[in-house]
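Comments concern the structure below.
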Amino acid sequence: MRIYIYAVVLLFSIVFGNAQTPFETSPPANPNAIRIIHSDFIDKNQNEIPGAIVFTGNVQVQHNGVLINCNKAYHYTDEDYIKAFGNVQLNQGDTIVMNSRYAEYDGKTLQAFATGNVNLRSPDSNLTTDTIHFNRKSQEAYYTSWGTIINKENTLKSKSGRYYLNNKKYSFKTAVTVVNPKVTIKTNNLDFYDNSGHAYVYGPSTITSQDNVINTTKAFYDTKNDVGKLLDKSNIVYNNRKVEGDIINYDRKKNFAKATNNVKITDTINNMIATGHYAEVYRNIGGTKRDSMFITKKALIKTLVEKDTMYLHGKKILVTGPIEDRTTRAFDNVRFFKKDMSGKCDSIHANNKTQLTKLIGKPVIWNADNQMTGDEIHLVGNNKTEKLDSLKILNNAFLVQKDTLGEDNYNQVKGQFLYGKFRENKLYEVDLIKNTEKIYFMYNDADEMVGIDKGVSSSINMQLEDNKILELTSFKQILSDTYPDKDFPKNARRLRGFVWRIEEKITSLDNIFPDEEKAIDEKIKAETKKKDKEEKKPMDVMKETTDYGKSDKKEPSKKAKVKSKK
């Protein structure tokens, strides 16, 4: 009877395979082959899984520094291949832990594949996705289904991505989003480094924070230190300001941006556009007092004033202060132009709250056919109408008006101070005070010259219409004579200090720039072309041409009455 029972047990063990609890295999003949180091059960039945040994229960697999745990495994010994099922965990030393529902591992190629709630963890980050491939030779893992990576400061999501373990670098493709407490990055192509928090984006991308939005096609951003470098005509958009440039260096903590080459700054509140090839911008955020813009290298500010555009150029332009009390300063060979007025000086100081603009250092203003000069000129605007209100010339005031009928005749008045009033941006009244002088050419209704009035007095008042003198009146201590044209020498027809600077008049946007500033454009184009050639990247150069200049059409002068009041 005992012999019979023993025979039955032996028969079952032959038919159904051997089972051990626990089961441990002896080392394989090839020391580099996959090794099963533990299993609760083993089934060598080749009919169910041809070419594979089936291990079940607390399976542990070892191979060259990798340990795999699972509920069940198929071991293909000839191929040196493992298929793992249920609660799969792959450990690579202390660098990688990967969990999934199913995994495959090739001992010859060192390739791993996992699917089903995959979770890949390193000391610095945690990746979850549906399917992942892992190459132990190159130490690279990649996925082509949606994945989410979380590290200490960032959450990254993308449709596909690759992780380089040695460099701790992620390379993401398609619908990438990086979120941290400070910024959100959206792009289709991103390289991200775990240790440094450095992000490199390529293609159309946005970097959004509470204070601004960055639009770029090529950029570097340090998510830890909140600094970045934007390339390829990127821009930063604030609530009311947009900064554009070929290269922009950005510091979010300092609210600072530095832009280089083809810079454009748009201020929607003040209807202002600034352009140049170098700019620095500080933003007034969070109650800080610092709010400024500095621009140079062919600097130009365009401001919309009463449906007309004022153009201002200086070698250096600085705009400071909050929106409601903003000051604009321009330095070195300053020039400005609008359709009814232009001028030059060494420097300009303008404030939008007081509407006071100071022209300092050899200033000259051309208003139609009038030329005004002095030691310092003040223009006062009206905040409500956004039009010119008045004019002051302090010390050595000199007004010259070309006589449109005489070949080389100029109406001239001068004094220590000049005060003018504007109506619809045109001078309609002028007062000259202290030590005034005049030379004025008088005509009758038939446009025939009736005399030349020359004299001195304490003050002069002029009434104008359409920028032409209608009436000129001298006051106090008057010493004046009227001379026939033939009796008045040519060399006496100029007051001391007379200089007619009409050849310097700014008549269009093109001649608002001196020659040395115009050359900057060509230099920038050459540098950009050389850089693009070195990088072997094509570049489309946008060229905009606009004719801002109009010829000055001369109108016949209106007859003026000359009066003297003692």
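Atom set for the values below is all heavy atoms of this structure, side chains included, hydrogens, waters and symmetry mates excluded.
Taken from OG in Ser205 to OH in Tyr221, the straight-line distance is 14.0 Å, to the nearest 0.5 Å. To the nearest 0.5 Å, atoms NZ (Lys253) and NZ (Lys182) are separated by 5.0 Å. Residue Ile295 holds its CD1 atom at 11.0 Å from OH of Tyr278, rounded to the nearest 0.5 Å. Atom CD of Glu465 and atom CD of Glu471 lie 12.0 Å apart (nearest 0.5 Å). Distance NZ/Lys344 to CD1/Ile506: 6.0 Å, rounded to 0.5 Å. Atom CG in Asn435 sits 10.5 Å away from atom CG in Asn396 (nearest 0.5 Å).
Surrounding CD of Glu516 are more than 12 heavy atoms belonging to other residues, nucleotides or ligands, all under 6.0 Å away. Heavy-atom contacts from other residues, nucleotides or ligands closer than 6.0 Å to NZ of Lys338 number more than 12. Around atom NZ of Lys297, no more than 12 heavy atoms belonging to other residues, nucleotides or ligands sit under 6.0 Å away. Environment of NZ in Lys518: crowded, with over 12 heavy atoms of neighbouring residues, nucleotides or ligands closer than 6.0 Å.
Between Lys426 and Asp466 there is a salt bridge, since a side-chain N of the basic residue sits under 4.0 Å from a carboxylate O of the acidic one. Ion pairing of Asp251 with Lys258 is absent here, as no side-chain N (NZ or NE/NH1/NH2) approaches a carboxylate O to less than 4.0 Å.
A cation-pi arrangement is not found for Lys315 relative to Phe331, the charged atom failing to lie both closer than 6.0 Å to the ring centre and inside a 45° cone about the ring normal. Cation-pi contact between Lys229 and Phe220: absent, since separation from the ring centre below 6.0 Å together with deviation from the ring axis within 45° is not met.
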TODO: Please step through ring pair (Phe, Tyr, Trp, His ring centres under 6.0 Å) for the pair Phe498 and Tyr410, ending with a clear verdict.
DONE: CA-CA 10 Å; Phe498 171 89; Tyr410 299 88; 5.2 Å; yes
Open item on the list: For a salt bridge (Lys or Arg N to Asp or Glu O under 4.0 Å) check, start with the C-alpha distance between Glu324 and Lys353, then their side-chain angles and the critical distance, and finish with the verdict.
Closed with: CA-CA 6 Å; Glu324 66 279 2; Lys353 184 177 182 179; over 6 Å; no
Open item on the list: Could you go through Thr208 and Thr184, starting from their C-alpha distance and side-chain angles, then the distance that decides it, and tell me whether this counts as side chain to side chain donor-acceptor pair (under 3.5 Å)?
Closed with: CA-CA 5 Å; Thr208 305; Thr184 298; over 6 Å; no
Open item on the list: Working note: Arg241 + Asp291, criterion salt bridge (Lys or Arg N to Asp or Glu O under 4.0 Å); need CA distance, chi angles, decisive distance, verdict.
Closed with: CA-CA 12 Å; Arg241 185 179 289 177; Asp291 193 338; 3.7 Å; yes
Open item on the list: With salt bridge (Lys or Arg N to Asp or Glu O under 4.0 Å) as the criterion, how do Lys392 and Asp431 come out once you've worked through the C-alpha distance, each side chain's angles and the decisive distance to 0.1 Å?
Closed with: CA-CA 10 Å; Lys392 297 178 182 179; Asp431 287 296; over 6 Å; no
TODO: Under the side chain to side chain contact (heavy atoms under 4.5 Å, CB included) rule, what do Asn255 and Tyr282 come out as? Steps first, then yes or no, please.
DONE: CA-CA 6 Å; Asn255 298 314; Tyr282 279 96; 5.7 Å; no
TODO: Begin with the C-alpha distance, continue with both residues' side-chain angles, and end with the deciding distance and a verdict on salt bridge (Lys or Arg N to Asp or Glu O under 4.0 Å) for Lys316 and Asp332.
DONE: CA-CA 7 Å; Lys316 299 175 183 178; Asp332 296 340; 5.1 Å; no
- [ ] Determine, step by step, whether Gln416 and Asn395 satisfy the side chain to side chain contact (heavy atoms under 4.5 Å, CB included) criterion, reporting the C-alpha distance in whole Å, the side-chain angles of both residues, the deciding distance to 0.1 Å, and the verdict.
- [x] CA-CA 5 Å; Gln416 187 167 350; Asn395 297 320; 3.4 Å; yes
TODO: Kindly indicate, with the supporting measurements, whether the criterion side chain to side chain contact (heavy atoms under 4.5 Å, CB included) is fulfilled by Leu190 and Tyr200.
DONE: CA-CA 6 Å; Leu190 168 73; Tyr200 297 83; 5.6 Å; no
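For the pair Glu244 (side chain) and Thr266 (backbone), a donor-acceptor distance under 3.5 Å is absent. A donor-acceptor pair under 3.5 Å links the side-chain atoms of Asn382 to the main chain of Lys384, judged by distance alone. Of the possible donor and acceptor atoms, one in the side chain of Asn411 sits under 3.5 Å from a partner among the backbone N and O of Phe441. In terms of modelled atom types and a separation under 3.5 Å, the side chain of Gln412 and the main chain of Ile439 share no donor-acceptor contact. Formation of a donor-acceptor pair under 3.5 Å by the Ser474 side chain with backbone atoms of Ile460 is not found in this model.
Closest approach of Tyr443 and Val450 over heavy atoms only: N-CG2, 4.1 Å. The heavy-atom pair separating Glu437 from Val456 by the smallest distance is CG-CG1, 3.7 Å. Scanning all heavy atoms of the two residues, the minimum distance from Thr216 to Ser234 falls at OG1-OG, 2.6 Å. Taking both residues in full, the closest heavy atoms of Leu394 and Phe417 are given as CA-CD2, 3.9 Å, listed atom of the first, atom of the second, then distance. Across Ile317 and Gly314, no two heavy atoms sit closer than the pair CD1-N, 3.9 Å.
Donor-acceptor pairing under 3.5 Å is lacking for the side chains of Asp191 and His198.
Considering only heavy atoms from C-beta on, Leu318 stays 4.5 Å or farther from Thr328 through its side chain. Side-chain contact check for Leu300 versus Ile512: some heavy-atom pair is nearer than 4.5 Å. Between Met272 and Met293 there is a side-chain heavy-atom pair separated by less than 4.5 Å.
When Asn352, Asn351, Thr354 are each tested for a side chain to side chain donor-acceptor pair (under 3.5 Å) with Asp325, only one passes: Asn351. Exactly one of Val413, Leu464, Asn461 qualifies for a side chain to side chain contact (heavy atoms under 4.5 Å, CB included) with Val430. That residue is Leu464.
A ring-centre distance under 6.0 Å is not found for His313 and Phe336.
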